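Written out below as structure tokens is the structure these notes cover.
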Amino acid sequence: MTDPSDTRDTPPRPFSPLWIYLTGVVATGCAALLIAEIGLGAGVIAGLARTPLFWMLVVLVVLGELRPIVVSSSRLAGGTATSTLFTFAVLLYQGLAVAVLIHTTALIVSGLAHRRAWHRMLFNISQMTLASTSAAAVLAAFGHRPHPATPWVPEGTDIAAVAAAALAYFVVRGVLVCSAVALHERRPLWRVIRTTIGHQSLVYGALLGLAPLVVVVMNRSPALVPLFVAPLAAMYFTASLSVRRDHQAMHDGLTSLPNRKLLILRTEEAMAEARDDARVGLLLLDLDRFKEVNDTLGHPVGDRLLQIVAHRLTHSVRPGDVVARLGGDEFAVLLPTVRDSTAAREVAARLRAALTEPVRLEGMTFDLDASVGIALYPDHAPDFELLLQRSDVAMYFAKEGRSGVEVYLAEKDRNSPERLNLLGDLRRAVGDGELQLHYQPKVNLSSGRVEGVEALLRWWHRERGPVPPDDFIPLAEQSYLMRQITQYVIDAALEQVAAWWHSGLRVPVAVNVSARDLLDPTLPELLEAGLARLDLPPVAIRLEVTERILMTDQAYTADSVHALVELGVPLALDDFGTGYSSLVRLQRLPVCEVKIDGSFVQRLGKTADDERIVRSIVDLVRSLGLRSVAEGVESDEVAGYLREMGCDAGQGWWFAEPMPAGEMTTWLRARVDGHETTAPCLGPACRGTHEVTTL
């Protein structure tokens, strides 16, 4: 249960407040240690070394330092070494010098075993020496000066002296350690004491309270002293089990970083302690292209990569900052105190720089990068949930703009109060009939025949007028309204295609569906019921799904997708070329056509790269036995390029703009030749001027 964010072994910056404090404590402690040992004398030490009790105590104290009792997973609370019991007993029985000698030996052995930094080892020795010296001074004030030549065994009347010495030992050691932690973590001293006092006082009370009993046993029968290991072992294992459960509940199992639950607690604590002139920063970090690693080399390699990322992040933040893993390849960094957004940007830049160092795994070298979103308290949010949500918004700004780091801006937030008002209006619009379907034809590039139409959702707001789909569709996808809207679109499209189909216009209608719609098990049932009610064949409607959705593992194995295939409803892959498609998976997908994204089509004739991309897609689609449809055809020149490449069909303003159902019916009937729907006009007369945005 090692904490990867523990930076206590990192040397303090010279002449920083922590460095000055540690230097002062170490200097004072070492002086007290030398004075104590000089007073003991080499002859006395040699005599002690010849007694079995001395070596027995050395072993017990060393073991106690190696296995401290930890009763809290908080890094502030730390652990309490069981060596305290025997060290304090030796101090009561044989005096300060022997107790300090044994405990110093144990701290050196423990420090080497745990590979602690030299400054940490020296501080631990010094604070222990000063605590023991204060306890010895209290005993001296009561008239007790134990020495190896004249051991002291407390009586019942000495309870006050022992209790006062134990209290002095606990207070001095606690204040020294808490002060160091407060400076290291850059937290108020009272906050550190409040966090640790409850846990530490219970354990120290038990250990120091048992020390007089150990003294009595040492004086009468030293061979029985090891029996005290049994209750200490019981305390250790009970505490370890409790802390392990606490750690598992508060930390990520893969990286051992704090999880969302612990991040919430740390953030709320930081907010409660924030001063008027300080900020609390929350950085949300998402790895770029991490999915490619998992898909290429498998999840075990991806897990190792996440562990490397966690290590780099924790060693790139300041002491006191919290690095947490929220899930997948998403991490969060809490800055309990930060001056402003500029300082937070500096931390984010340092994190990204640490991640960009190449990683070598499985004989391959990976170049990592990340997008970071920053939100500050109280500037951007008053609580954790809103702070996290707004750092998430900023992170997507960074991803979309490929800027790497972005600070939250309210005017760019789609979830701003204005957007929430729009969501309320959209909820009303669904029931009040403000939503309408417009239709845009899809035309065969060789014959001019109309192969189908695409249903496009439009909203005419009673006060704002037309609301662009790009404004309200993403909003709907993030709420429960998407299911209602999808049901409305499918019902309206089926009603319209039935009217056309039964009047001789056998034109299939394509409907766009979101990821949530596609994975909804009720979608096939909704379509099947609608087709049966209107006496339509399954081919009368077609579902268009974006490449980013249909190419995922979840969509690939979803029961709803297989149910749609069994029903006979054709699927089309929309916006092809904008995602990361696997050719093997594309071959196995249950799609009948692939729609080439308009961003490539519109640049035909302008750049050779886009022409090669479109030609390659057309050839690939044809080789897989599928049909290709080009979106965004806006000129006769582009239509000619596509026709020469062998593209099957096109859709765009050059053929016709999206039209309401009535106008679309008139447009189709004007092109009826027998019972076939044709489009003899492929020139400017058929071209519209409105922006096309699909659902």
Side-chain angles (χ1 to χ4, degrees), residues 1-30 65 68 70 72-81 107 110-111 114-131 171-200 250-251 256-258 262-263 265-267 269-270 272-275 278-281 310-311 313-324 333-339 343 346-347 350-351:
M1 297 186 298
T2 57
D3 187 350
S5 60
D6 188 354
T7 55
R8 287 177 293 179
D9 284 315
T10 303
R13 180 169 48 85
F15 302 105
S16 65
L18 178 60
W19 184 89
I20 294 173
Y21 174 77
L22 294 181
T23 302
V25 172
V26 168
T28 307
C30 289
E65 281 296 329
V70 181
S72 172
S73 61
S74 171
R75 188 170 65 246
L76 297 181
T80 304
L107 287 171
S110 175
H114 292 108
R115 298 182 180 180
R116 293 194 177 104
W118 63 268
H119 71 276
R120 189 175 173 187
M121 291 174 57
L122 287 176
F123 174 76
N124 287 338
I125 292 171
S126 299
Q127 53 95 356
M128 176 275 304
T129 301
L130 292 175
V171 170
V172 172
R173 195 165 186 182
V175 170
L176 291 174
V177 173
C178 288
S179 298
V181 172
L183 290 171
H184 179 267
E185 301 279 346
R186 291 179 298 157
R187 297 172 182 264
L189 177 60
W190 66 267
R191 150 89 168 95
V192 177
I193 293 176
R194 187 187 65 184
T195 303
T196 61
I197 189 68
H199 303 95
Q200 300 285 8
M250 294 288 191
H251 291 76
S256 293
L257 292 176
L262 185 54
L263 179 65
L265 294 176
R266 295 287 182 264
T267 305
E269 290 173 355
E273 298 167 6
R275 303 172 185 171
R279 305 286 184 271
V280 176
H311 180 270
L313 292 177
T314 54
H315 286 77
S316 302
V317 296
R318 308 165 304 174
D321 295 344
V322 179
V323 179
V333 178
L334 170 67
L335 310 180
T337 57
V338 64
R339 185 178 64 257
E346 292 174 358
V347 176
R350 186 164 64 246
L351 294 174

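Given the structure is predicted, the values throughout are model-derived calculations rather than measurements.
Ile125 contributes atom CD1, which lies 5.5 Å from atom CG of Leu107 (distance to the nearest 0.5 angstrom). Residue Leu122 holds its CG atom at 10.0 Å from OG1 of Thr23, rounded to the nearest 0.5 Å. Between atom CD of residue Glu346 and atom CZ of residue Arg318 there is a gap of 10.0 Å, rounded to the nearest 0.5 Å. Here the straight-line distance linking atom OG of Ser126 with atom NE2 of His119 works out to 12.5 Å at 0.5 Å rounding. Interatomic distance, CG of Leu263 versus CE of Met250, reported as 11.5 Å (0.5 Å rounding). Interatomic distance, CG of Leu130 versus SG of Cys30, reported as 9.0 Å (0.5 Å rounding).
Considering all non-hydrogen atoms of both residues, Ala310 and Leu257 come closest at CB-CD1, 3.5 Å. In terms of heavy-atom proximity, Glu65 sits nearest to Ser110 at O-OG, 3.5 Å. Smallest separation of non-hydrogen atoms from Arg13 and Ser16: O-OG, 2.6 Å. Scanning all heavy atoms of the two residues, the minimum distance from Leu183 to Pro17 falls at CD1-O, 3.9 Å. Ala270 approaches Val280 most closely through the heavy-atom pair O-CG2, 3.7 Å.
Residues Val323 and Val317 meet the side-chain proximity criterion, which asks for heavy atoms closer than 4.5 Å. In this structure, the side chains of Arg266 and Pro258 stay at 4.5 Å or more apart for every pair of heavy atoms. Residues Thr28 and Thr129 fail the side-chain proximity criterion, which asks for heavy atoms closer than 4.5 Å.
Judged by distance alone, with hydrogens and angles left aside, the side-chain atoms of His315 form a donor-acceptor pair with the main-chain N or O of His311 at under 3.5 Å. Looking at Arg350, its side chain does come within 3.5 Å of a backbone N or O of Ser316 through a donor-acceptor pair.
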So Val25 and Leu176, side chain to side chain contact (heavy atoms under 4.5 Å, CB included) or not? Walk me through it.
CA-CA 8 Å; Val25 172; Leu176 291 174; 4.2 Å; yes

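With Ser179 as reference, Leu189 is the one residue of Leu189, Ile193, Leu18 to meet the side chain to side chain contact (heavy atoms under 4.5 Å, CB included) rule.
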